[in-house]
Amino acid sequence: MASVDIVKATKSFGQNEILHGVSIDIADGEFVVLVGPSGCGKTTLLRMIAGLETITTGEIKIGERVVNDLPPKDRDIAMVFQNYALYPHMSVADNMAFSLKLRGVSRSEIDERVAKAAGILGLKDYLARFPRHLSGGQRQRVAMGRAIVRDPQVFLFDEPLSNLDAKLRVAMRTEIKDLHQRLGTTTIYVTHDQIEAMTMADRIVVMRDGNVEQVGAPLELYDSPANLFVAGFIGSPAMNLFKGTIEANGRQGFVTSGGAFVSLKTSAIAGLAGRPLVFGIRPEHLHITDDGGRGFEATAKIVEPTGSETQVMANASGTDIIALFRERHTVKQGDKLRLAPTQYHLFDAQSGERVASSDM
Ligand SMILES: Nc1ncnc2c1ncn2[C@@H]1O[C@H](COP(=O)(O)OP(=O)(O)OP(=O)(O)O)[C@@H](O)[C@H]1O
Ligand SMILES: [Mg+2]
């Protein structure tokens, strides 16, 4: 096991710089999840850590060693890809043993490591089978087995579950988390799945266009997004966002560009009057009020009860919003609702930085 320090790493392909100075400190044993839109550089960063891509400038350290010029085989890292491509003509045991054989590890040690990994992954009864005789989830476990037998200092996962169906993903997610708790190996994990990121990570790194936008524990990012991008990216359904300004003469509150008004406590909005802002409310932080002095009016467009909660898509003075209620309301399409926020954030419309929150 080892820490991984990425220090101002950049990556250019030809003239094209696609990572612009990424710095992330990953502690020994930590489970870090990278998220961000397609093309932001997640896979490239993993490949640079693994040694499959060069580092243009900056430094990557694994433990105390700077690995910039170290070939992949000397980095003591195992990577599991989305397309894990098992060798179809080899049994499960041989698939897992393959990289150890290449390294010249002794037969007895190989057998021991494969048996141990198979035990951890529940593959003991499948060692003689060929990949085509396995389910998707079992194949995925073999791919992980290939990584585990190497007993690396760091695991890198690039969307390892995205080819599996929803139910299997949930099962594998739990298995990977359990595995991490047992082995304690430093792990860097890329996913597009919000729930995977939130439930598996010790810390999440949110990337955009080759930059790190914010690093933090899942709930830290959820509760205190540094900027509009993170606010909109973390959380599903996404945070509702309204453009507008603070009014502080007479009425105290936020006026949306569509003309809706939400009264707010003076302390939260001091000094923000007149500036172009974005008002953000998570769907579950909206509740229905009959107090005409609070909240804003919205018209229900689609009502989706799931039993445990009800999701209402509505329009508020021209802005489409989503509200999520745990309690049961008898809302119908076309109903006029008065919605008030229990929590909110304010962002600068130009820089996107968060400038105030309801709990400040
Ligand atoms: N070998 C390469 N040559 C030139 N450009 C590349 C190369 N590999 C990646 N890129 C570019 O670098 C950028 C980042 O790609 P990368 O694969 O790291 O994104 P990603 O965040 O993993 O996206 P996704 O979520 O779609 O997997 C993209 O614009 C991509 O086109
Ligand atoms: Mg990728």
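Just follow the structure's listing: the first ligand is 1, and inside any ligand the first atom is 1.
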Q) Cut-off 3.5 Å, side chains only: do H285 and T342 have a donor facing an acceptor? A) no
**Q.** Nitrogen or oxygen of T44 less than 3.5 angstrom from that of ligand 1
**A.** yes
Q. Is it true that Y344 and L241 fall in one hydrophobic cluster, defined by side-chain heavy atoms closer than 4.5 Å?
A. no
Q | Exercise: do T56 and T10 side chains pair donor with acceptor under 3.5 Å | A | no
Q) Atoms of ligand 1 less than 4.0 Å from H192 heavy atoms? A) 25 (O)
Q: With rounding to the nearest 0.5 Å, note down the distance linking CD1 in I18 to NE2 in H20.
A: 7.5 Å
**Q.** Metal environment of the Mg ion (ligand 2), protein N/O/S under 2.8 Å
**A.** T43 OG1
Q: Tell me which protein heavy atom sits closest to atom 10 (N) of ligand 1, plus the residue, atom name and distance to 0.1 Å.
A: F13 CE1, 3.5 Å
Q: Determine, for R203 against E30, whether the closest basic-nitrogen to carboxylate-oxygen distance falls under 4.0 angstrom.
A: yes
Q) Would you find a donor on one side and an acceptor on the other, under 3.5 Å apart, between the side chain of D193 and the backbone of S162? A) no
Q: Determine whether any heavy atom of R47 lies closer than 4.0 Å to an atom of ligand 1.
A: no
Q) Do the side chain of N95 and the main chain of M90 share a donor and acceptor less than 3.5 angstrom apart? A) yes
Q) Just to confirm, does any protein heavy atom lie below 4.0 Å from atom 31 (O) of ligand 1? A) no
Q. Applying a 4.0 Å heavy-atom criterion (strictly less than), which segment of T43 is in contact with ligand 1: side chain, backbone, both, or neither?
A. both
Q: Answer yes if the side chains of Q214 and N227 hold a donor-acceptor pair under 3.5 Å, and no otherwise.
A: no
Q) Can you find an N or O of G41 that's nearer than 3.5 Å to an N or O of ligand 1? A) yes
(Q) Considering non-hydrogen atoms of the protein only, which is the closest contact for atom 12 (O) of ligand 1, and what is the distance? (A) I18 CD1, 3.4 Å
Q | Which atom of T44 lies closest to which atom of E53, heavy atoms considered | A | O-CG, 4.5 Å
**Q.** Any N/O pair C40/ligand 1 closer than 3.5 Å
**A.** yes
**Q.** Shortest protein heavy-atom distance from atom 26 (O) of ligand 1, along with the residue and atom involved
**A.** S38 OG, 2.5 Å
Q | Side chain, backbone, both or neither: the part of M207 lying under 4.0 Å from ligand 1 by heavy atom | A | neither
Q: Decide whether an N or O pair under 3.5 Å exists between G39 and ligand 1.
A: yes
Q: Decide, yes or no, whether a salt bridge links R173 with E196 under the criterion of side-chain N to carboxylate O below 4.0 Å.
A: no
Q | Residues that R113 engages under side-chain hydrogen bond (donor to acceptor under 3.5 Å, both in side chains), provided they are two or more places apart | A | E109
Q) Nearest protein heavy atom to atom 4 (C) of ligand 1: under 4.0 Å? A) yes
Q) Tell me: protein heavy atom nearest atom 25 (O) of ligand 1, and distance? A) K42 NZ, 2.8 Å
Q | Ring centroid separation F242 to F254 under 6.0 Å | A | no
(Q) If the contact criterion is a heavy-atom separation under 4.0 Å, does E159 count as touching ligand 1? (A) yes
Q. Quick one: which of T187, V33, L46, L34 gives a side chain to side chain contact (heavy atoms under 4.5 Å, CB included) with F157?
A. T187
